[in-house]
Amino acid sequence: MATKPSIPKGTRDFSPVEMLRRKYIFSTIEKVFQKYGFLPLETPAMENLETLTGKYGEEGDRLIFKILNSGDFMQEVKERFDTKYGTAPVELTQGVLADMKSWISEIRSSELTEKALRYDLTVPFARYVVQHQNDIAFPFKRYQIQPVWRGDRPAKGRYREFYQCDADVIGTKSLISEVELVQLFDDVFTDLGLQVVVKINDRKVLAGIAEVSGQPEKVVDIVTAIDKLDKIGREKVEEEMRAKGVSDEAIKGIVPLFELKGSWNEQRPLLEKWLASSATAQLGLKDLSFTFNAVGTMKSAKLEFDPTLARGLDYYTGAIFEVKAAEGSMPGSICGGGRYDDLTGIFGLKNMSGVGISFGADRIYDVLLETNKFPAELGGSTKLLFANFGETEALHCLKLLRTVREAGIAAELYPDAVKMAKQFKYADDKGIAYVAIIGENELKQGIVTLKDMKTGEQKAIKQDELIHGIQ
RNA sequence: GUGGUUGUAGCUCAGUUGGUUAGAGCGCCGGAUUGUGGUUCCGGAGGUCGCCGGUUCAAGCCCGGUCUACCACCCCA
């Protein structure tokens with residue numbers, strides 16, 4: 001055997017069974033997106049490199065997959081080398097090395113690469129909005145389900161190519177959007193039959209905490225530390241804040257946060273009192289109140305206020321969301337989102353407030369698989385197989401096949417007239433419910449022997465009753 | 001990016017201090033059954049031991065490198 005073929009690190013093949021399940025998740029989400037008035041959008045797999053660089057922080061820039069330009073960019077170096085040293089073998093002295101280094105360093109990076117694979121769906125969306133601002137009716141609601149790529153080191157549940165399912169509303173500050181997105185989460189997970197908790201917080205409350213603690217300029221450091229609370233525990237969070245230069249006094253001021261318990265209605269008065277001196281915090285609390293009241297009763301999800309919910313991304317400015325599965329062993333969140341006041345500013349369009357959410361399809365897949373929530377029938381499998389007894393019989397089956405398919409039943413004819421055992425095994429392996437047998441005898445009598453593969457029973461029926469027989 | 005573990009048949013894994021021809025279960029193919037799968041019985045095929053190099057009379061086993069998957073950090077979905 002030759003060296004086995006393989007796929008690049010961190011990428012995956014999806015088998016038919018996996019694809020049926022993935023499509024079930026995607027289409028469930030997509031249907032709900034559309035029900036809420038979101039419109040589909042697709043952007044190219046690759047963007048201009050400059051569109052992406054500088055948008056994801058230092059670490060993010062390193063993880064962008066860059067695309068090598070076509071063309072021989074070493075040509076110039078080769079020519080210079082030949083001009084100076086000729087084509088005969090040359091001893092590799094310090095001088096030669098120094099020349100080569102300087103020639104290579106003169107190749108500008110823009111000659112090597114000027115395109116990159118998309119890193120997420122948010123930045124391309126922002127780029128799209130700015131580029132087509134005159135054609136878009138605001139507020140603009142779009143959804144986008146496409147793969148993204150990261151040059152990260154693969155780990156369990158972490159890949160170099162994976163799908164994101166995003167929905168964003170841009171061009172309105174109305175809290176109606178927040179309310180609708182919470183209801184959208186509820187709808188999707190009700191449809192998927194999964195119990196979840198939607199956690200909500202507001203960055204303005206977190207900013208208020210930093211304000212009250214006396215170090216408002218440390219919001220980002222405080223927020224990213226708090227975000228890790230349930231992962232690393234209270235002591236480590238305090239440690240990290242100290243390491244980032246948050247004073248002991250300020251940390252003492254943040255401590256009440258760790259002791260908050262109970263429902264939104266229980267926590268709200270305590271927070272109002274604690275953060276009384278921060279106008280920003282009061283605004284955040286008011287917004288949260290609005291959302292809680294307006295959402296009303298949920299179908300199956302639970303909405304919870306979580307004052308320690310922070311989310312790492314620093315462009316969030318208002319509400320922040322996270323969804324966790326209430327069943328199964330998935331520790332992390334399966335969805336996230338939040339409001340941002342200035343997503344398009346980097347591309348020159350100011351004052352565009354928006355709010356968006358993202359579904360983690362791979363994690364949802366894992367949870368549904370673990371908790372056995374995928375429907376048994378995903379509509380992918382053939383219902384009826386015609387056994388093949390040879391050309392005459394097969395041609396007759398082909399006619400029946402048309403009428404069966406017209407009736408909306410997934411059916412197929414085994415392509416080769418091989419022995420029955422093999423044809424039945426094919427039906428068995430593929431999970432086909434019925435096998436129709438039309439051999440010489442059946443053909444003569446105008447009947448079909450129909451076998452139910454589950455029970456093993458078989459009966460002879462008239463050919464024009466076939467459709468009726470398998471329902 | 002740092003540290004660690006791993007890789008033997010399609011899959012899951014054995015394989016002695018380095019020693020002739022590398023094994024098992026499942027799966028696959030053929031037969032018992034020329035018109036019947038899922039159960040049974042009989043037989044068969046399938047391996048450059050991840051890849052490259054080194055040590056040795058001799059390497060699946062020891063050493064170096066590399067790739068892959070996984071674990072813990074960093075970061076993230």
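These figures come from a predicted structure and were not determined experimentally. Below, chains carry the letters A, B, ... as their sequence lines are ordered, and counting in each starts from 1.
- The gap from the P atom of B:rC26 to that of B:rC70 amounts to 29 Å, rounded to the nearest Å.
- Residue contacts shown for A:G10 are limited to sugar-phosphate atoms, with no base heavy atom under 4.0 Å away.
- For A:I64 and B:rG1, the CD1 to C1' distance is 16 Å, given to the nearest whole Å.
- Counting only heavy atoms from C-beta on, A:K419 has its side chain closest to B:rG31 among B:rG31, B:rG35, B:rC29.
- When the C1' atom is compared between B:rG10 and B:rC29, the two are found 13 Å apart, to the nearest whole Å.
- The pair A:K299-A:D187 meets the salt-bridge criterion, since a charged nitrogen lies less than 4.0 angstrom from a carboxylate oxygen.
- Between the CD atom in A:E42 and the CD atom in A:Q146 there is a gap of 4.0 Å [rounded to 0.5 Å].
- Of all nucleotides listed (B:rA77, B:rG37, B:rG35), B:rA77 comes nearest to the side chain of A:Q164.
- For the P atom pair drawn from B:rG60 and B:rG23, the interatomic distance equals 14 Å after rounding to whole Å.
- Comparing the same atom, C1', in B:rU20 and in B:rA59 gives a spacing of 14 Å after rounding to whole Å.
- Within a heavy-atom distance below 4.0 Å of RNA chain B, the residues of residues 144-153 of chain A found are A:R150, A:R153.
- Between A:K422 and A:D416 there is no salt bridge, since no side-chain N of the basic residue sits under 4.0 Å from a carboxylate O of the acidic one.
- The nucleotide whose nearest atom lies closest to any side-chain atom of A:R62 is, among B:rG1, B:rG37, B:rC75, B:rG1.
- Nearest to the side chain of A:P154, among B:rG35, B:rC70, B:rA77, sits B:rC70.
- Within 4.0 Å of A:G456, counting heavy atoms only, lies at least one base atom of the nucleic acid.
- The CZ atom of A:R118 sits 16 Å away from the P atom of B:rA77 (whole-angstrom rounding).
- Within the structure, a side-chain polar atom (N or O) of A:K228 is placed less than 4.0 Å from OP1 or OP2 of B:rC75.
- Within a 6.0 Å radius of NE2 in A:H132, more than 12 heavy atoms belonging to other residues, nucleotides or ligands are found.
- As judged by a 4.0 angstrom heavy-atom cut-off over every strand, A:Q458 is placed among the base-contacting residues.
- Using a 4.0 Å heavy-atom cutoff across all strands shown, A:M420 reaches sugar-phosphate atoms only and no base atom.
- Between B:rA77, B:rG35, B:rG37, one nucleotide has an atom nearer to the side chain of A:E442 than all others, and that is B:rG35.
- Contacts of A:A421 with the nucleic acid, taken as non-hydrogen atoms under 4.0 Å apart, involve only primed sugar atoms and P, OP1 or OP2.
- Between the side chain of A:R203 and the backbone N or O of A:A310, at least one donor-acceptor pair lies under 3.5 Å.
- Among the protein residues, A:Y163 comes within range of no part of the nucleic acid, since none of its heavy atoms lies under 4.0 Å from any strand.
- In this structure, A:K156 atom NZ and B:rG4 atom P are separated by 23 Å, rounded to whole Å.
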- [ ] Give the dot-bracket string for RNA chain B, reading 5' to 3', where a pair is Watson-Crick or G-U wobble with both distances under 3.5 Å, ( ) marks pairs inside the strand, [ ] marks pairs crossing earlier ones, | marks a partner on another strand, and . marks unpaired.
- [x] (((((.(..((((.....[...)))).(((((.......))))).....(((((..]....)))))).)))))....
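- If you check every strand for non-hydrogen atoms under 4.0 Å, A:G332 touches nothing.
- Under a 4.0 Å N-O distance rule, the pair A:K141/A:E180 qualifies as a salt bridge.
- Rounded to whole angstrom, the span from the NZ atom of A:K422 across to the C1' atom of B:rG37 amounts to 13 Å.
- Comparing B:rU8 with B:rA69, their P atoms sit 14 Å apart, to the nearest whole Å.
- Contact check on A:R311 versus A:D227 returns no salt bridge, with no Lys/Arg side-chain nitrogen under 4.0 Å from an Asp/Glu carboxylate oxygen.
- Taking atom CZ of A:R158 as the reference point, atom P of B:rC71 lies 11 Å away to the nearest angstrom.
- Heavy-atom distances to RNA chain B give each of A:R363 and A:K9 a nearest nucleotide, and the one nearer the 5′ end belongs to A:K9.
- Residue ring and base: A:Y426 does not count as stacked with B:rG37 (centre distance below 5.5 Å and interplanar angle below 30° not both satisfied).
- When the C1' atom is compared between B:rC13 and B:rA9, the two are found 11 Å apart, to the nearest whole Å.
- Electrostatic pairing of A:E238 and A:R242 counts as a salt bridge here, judged by a charged N lying under 4.0 Å from a carboxylate O.
- What separates CD of A:E161 from P of B:rC76 is a distance of 22 Å, to the nearest Å.
- Comparing B:rU12 with B:rC74, their C1' atoms are spaced 34 Å from each other, to the whole Å.
- One interatomic measurement links the two molecules: CZ of A:R160 to P of B:rC70, which rounds to 12 Å at whole-angstrom precision.
- Atom name P, nucleotides B:rU2 and B:rG54: the rounded distance is 28 Å, in whole Å.
- The separation between A:Q423 atom CD and B:rG37 atom P is 12 Å, rounded to whole Å.
- Residue A:K425 has a polar side-chain atom (N or O) positioned under 4.0 Å from OP1 or OP2 of B:rC28.
- Using a 4.0 Å cut-off between charged side-chain N and carboxylate O, A:K244 and A:E240 make a salt bridge.
- At a cut-off of 3.5 angstrom, the base of B:rG38 holds no donor-acceptor pair with the side chain of A:D428.
- Panel note: side chain A:T317, backbone A:D341; a donor-acceptor pair is recorded below 3.5 Å.
- Mapping A:D429 and A:C335 onto RNA chain B by nearest heavy atom places A:D429 closer to the 5' end of the strand.
- Salt bridge status for A:E161 with A:R150: absent, with no side-chain N to carboxylate O gap under 4.0 Å.
- Evaluation of the side chain to side chain donor-acceptor pair (under 3.5 Å) test over residues 446-459 of chain A, restricted to residues two or more places apart or in two chains, returns A:E442-A:T449.
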